[in-house]
Protein chains: 2
Amino acid sequence: MPLMGCARVSAVPDEVDRPGSPRWWSARLGAAQPTAGRGRPPVPLERIVDAALALVDEVGAQEFSMRALAERLGSSTATLYRRVSGKDEILTYVADRLLGEVTAIGRARGPVPTWEAAVIAGAEVLFEVLRAHPKAVVLFLGHVPAGPNALRGRESALRALLAGGLSPELAALTYTAVARYVIGFGLQLSEEALTAQATADDLRTLYRSLDPERFPATVSVADVLPQSLAEEFQFGLGLLVDGVRRLRDGQPG
Amino acid sequence: MPLMGCARVSAVPDEVDRPGSPRWWSARLGAAQPTAGRGRPPVPLERIVDAALALVDEVGAQEFSMRALAERLGSSTATLYRRVSGKDEILTYVADRLLGEVTAIGRARGPVPTWEAAVIAGAEVLFEVLRAHPKAVVLFLGHVPAGPNALRGRESALRALLAGGLSPELAALTYTAVARYVIGFGLQLSEEALTAQATADDLRTLYRSLDPERFPATVSVADVLPQSLAEEFQFGLGLLVDGVRRLRDGQPG
DNA sequence: ACCTGAACACCGTTCAAGT
DNA sequence: ACCTGAACACCGTTCAAGT
């Protein structure tokens with residue numbers, strides 16, 4: 001509460017209605033046209049979000065700036081503030097757009113035979129999309145996704161679980177745990193995805209260089225470290241789905 | 001690769017030796033005294049890291065600034081740059097210090113009877129520490145922790161797994177998958193931990209307000225949503241550990 | 001030897017002034 | 001009605017100048 005004056009700081013207090021929060025989305029989803037003003041908007045919101053995603057993919061969320069986005073759109077920052085409330089709002093739209101990609105890919109691949117296959121397919125498609133946009137994953141930090149694409153994706157996933165015979169309680173727990181699991185792993189992709197192999201090799205080298213007296217266990221597993229985050233991801237995902245299946249089969253009713 | 005001139009930007013290219021990478025830590029761990037210069041340093045690194053953690057806890061990693069840190073230390077930013085290479089390096093030390101807290105708490109609580117209990121206890125202590133420093137969790141983004149406290153923690157965890165009869169392969173997979181799982185969930189704590197209940201309530205309200213024709217599954221689970229991230233965390237952690245146990249028991253040898 | 005004020009090149013956001 | 005240059009209050013990092 002010192003440091004007043006700068007809008008970046010003074011915007012922090014009212015957290016609950018910050019772009020991306022459930023309440024914030026709720027207000028926006030209720031409105032007929034999110035950005036309808038008096039005249040027709042010359043730069044549609046969609047173009048802004050397209051450009052923003054491209055910019056994040058290129059330079060990263062950290063280096064993303066309103067100035068750079070305005071330049072890419074051949075406009076000025078002040079013009080952007082006529083369409084959106086600020087940087088946070090734009091990035092919230094970018095996150096929901098990624099979830100739209102997930103839906104599109106899932107639909108393109110067609111139906112799956114069982115609820116287990118649906119969970120695994122959904123988790124893997126989301127993970128793929130996050131891997132394709134490693135610099136954008138941090139946009140999911142601190143939000144439960146609640147935009148239109150998030151809602152549609154959740155609905156179809158929950159339908160598959162309920163149709164598979166899971167109780168509402170187990171379906172809700174499974175959905176949220178798996179979604180968190182995928183995003184949690186995705187967050188760790190970060191920008192390192194590009195240099196993942198280098199990181200894995202460096203880690204192995206570091207472990208091997210340790211004093212075997214003090215670090216015997218670490219040294220002994222240096223040669224069998226998982227090769228990639230994707231491998232760790234698959235391993236845990238399989239365990240989660242197996243565990244849910246056992247719970248379902250032991251479930252009353 | 002435009003935008004030259006500002007050090008923040010020009011520092012990005014050589015990713016591999018950025019503070020926190022395995023190679024970067026490896027160089028530092030080899031050096032006798034990390035910051036030994038000619039005279040005795042008047043502001044020990046430990047004081048800087050203490051102050052930095054306190055500052056991150058208070059204002060968040062996003063608002064953390066070298067100016068604010070210098071002011072808290074009664075010094076100037078230029079003085080900080082005599083002890084560390086920059087903001088990234090300080091935040092890397094802060095992350096490793098949190099892992100030190102994990103070790104200290106684990107030690108204080110004493111030994112556990114089985115490898116399963118060790119995994120669960122370790123995961124829960126780490127999760128508790130992350131929950132106690134929700135604004136600091138983002139410091140784990142994009143790094144495999146490789147500082148001194150990270151190495152010690154990994155060693156003792158791997159020892160417990162190997163002693164429990166897991167093969168080196170299964171021990172390595174289990175350790176990395178569980179560590180990623182905990183940090184992944186921890187990352188989603190973010191600053192929302194403070195308003196978690198509000199978020200959960202908002203989500204429930206949002207789900208209930210949806211059109212039951214279009215979102216029947218979502219509406220039907222609105223009343224049984226998990227109450228907290230901690231609940232989702234426990235659920236998944238239990239499934240993971242059960243799954244590993246079954247793999248261990250079916251493991252050759 | 002150690003420290004620091006002031007500078008440089010950036011931010012997000014706003015608003016008076018233009019068309 | 002719509003747009004924007006210029007301003008304001010911040011950043012991380014560096015370096016000449018002080019003690």
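Candidate nucleotides C:dC3, C:dC11, C:dG5 were compared by shortest atom distance to the side chain of B:A78, and C:dG5 ranks first. Distance from the side chain of B:S76 is smallest for C:dT4 among the nucleotides C:dT4, D:dC11, C:dT14.
Residue B:T79 is in base contact, counting any heavy-atom pair closer than 4.0 Å across all strands shown.
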Identify all pairs in which a protein N or O lies below 3.5 Å from an N or O of nucleotides 17-19 of chain D, and state each distance.
none

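By the side-chain contact (heavy atoms from CB on, under 4.5 Å) test, A:A95 pairs with A:L139, A:F140, sequence neighbours left out. Here A:D57 pairs with A:H133 under the side-chain hydrogen bond (donor to acceptor under 3.5 Å, both in side chains) rule; sequence neighbours left out. Residues forming a side-chain contact (heavy atoms from CB on, under 4.5 Å) with B:A146 (at least two apart in sequence, or on another chain): A:L206, B:W25. Residues forming a ring pair (Phe, Tyr, Trp, His ring centres under 6.0 Å) with A:F185 (at least two apart in sequence, or on another chain): A:Y181, A:F233. When the side-chain contact (heavy atoms from CB on, under 4.5 Å) test is applied to B:N149, the partners found at least two apart in sequence or on another chain are B:D96, B:L99, B:R152. For the side-chain hydrogen bond (donor to acceptor under 3.5 Å, both in side chains) test, residues two or more places apart in sequence or in another chain that qualify with A:S85 are A:E89.
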Could you tabulate the donor-acceptor pairs under 3.5 Å formed by side-chain atoms of residues 66-75 of chain A, not counting sequence neighbours?
from: A:R72; atom 1: NH2; to: A:E58; atom 2: OE1; distance (Å): 2.8
from: A:R72; atom 1: NH2; to: A:E58; atom 2: OE2; distance (Å): 3.0
from: A:S75; atom 1: OG; to: A:T79; atom 2: OG1; distance (Å): 3.4

Nucleotide-level pairing of DNA chain C, given in dot-bracket where Watson-Crick and G-U pairs need both distances under 3.5 Å and | marks other strands: ||.|||||...|||||.||
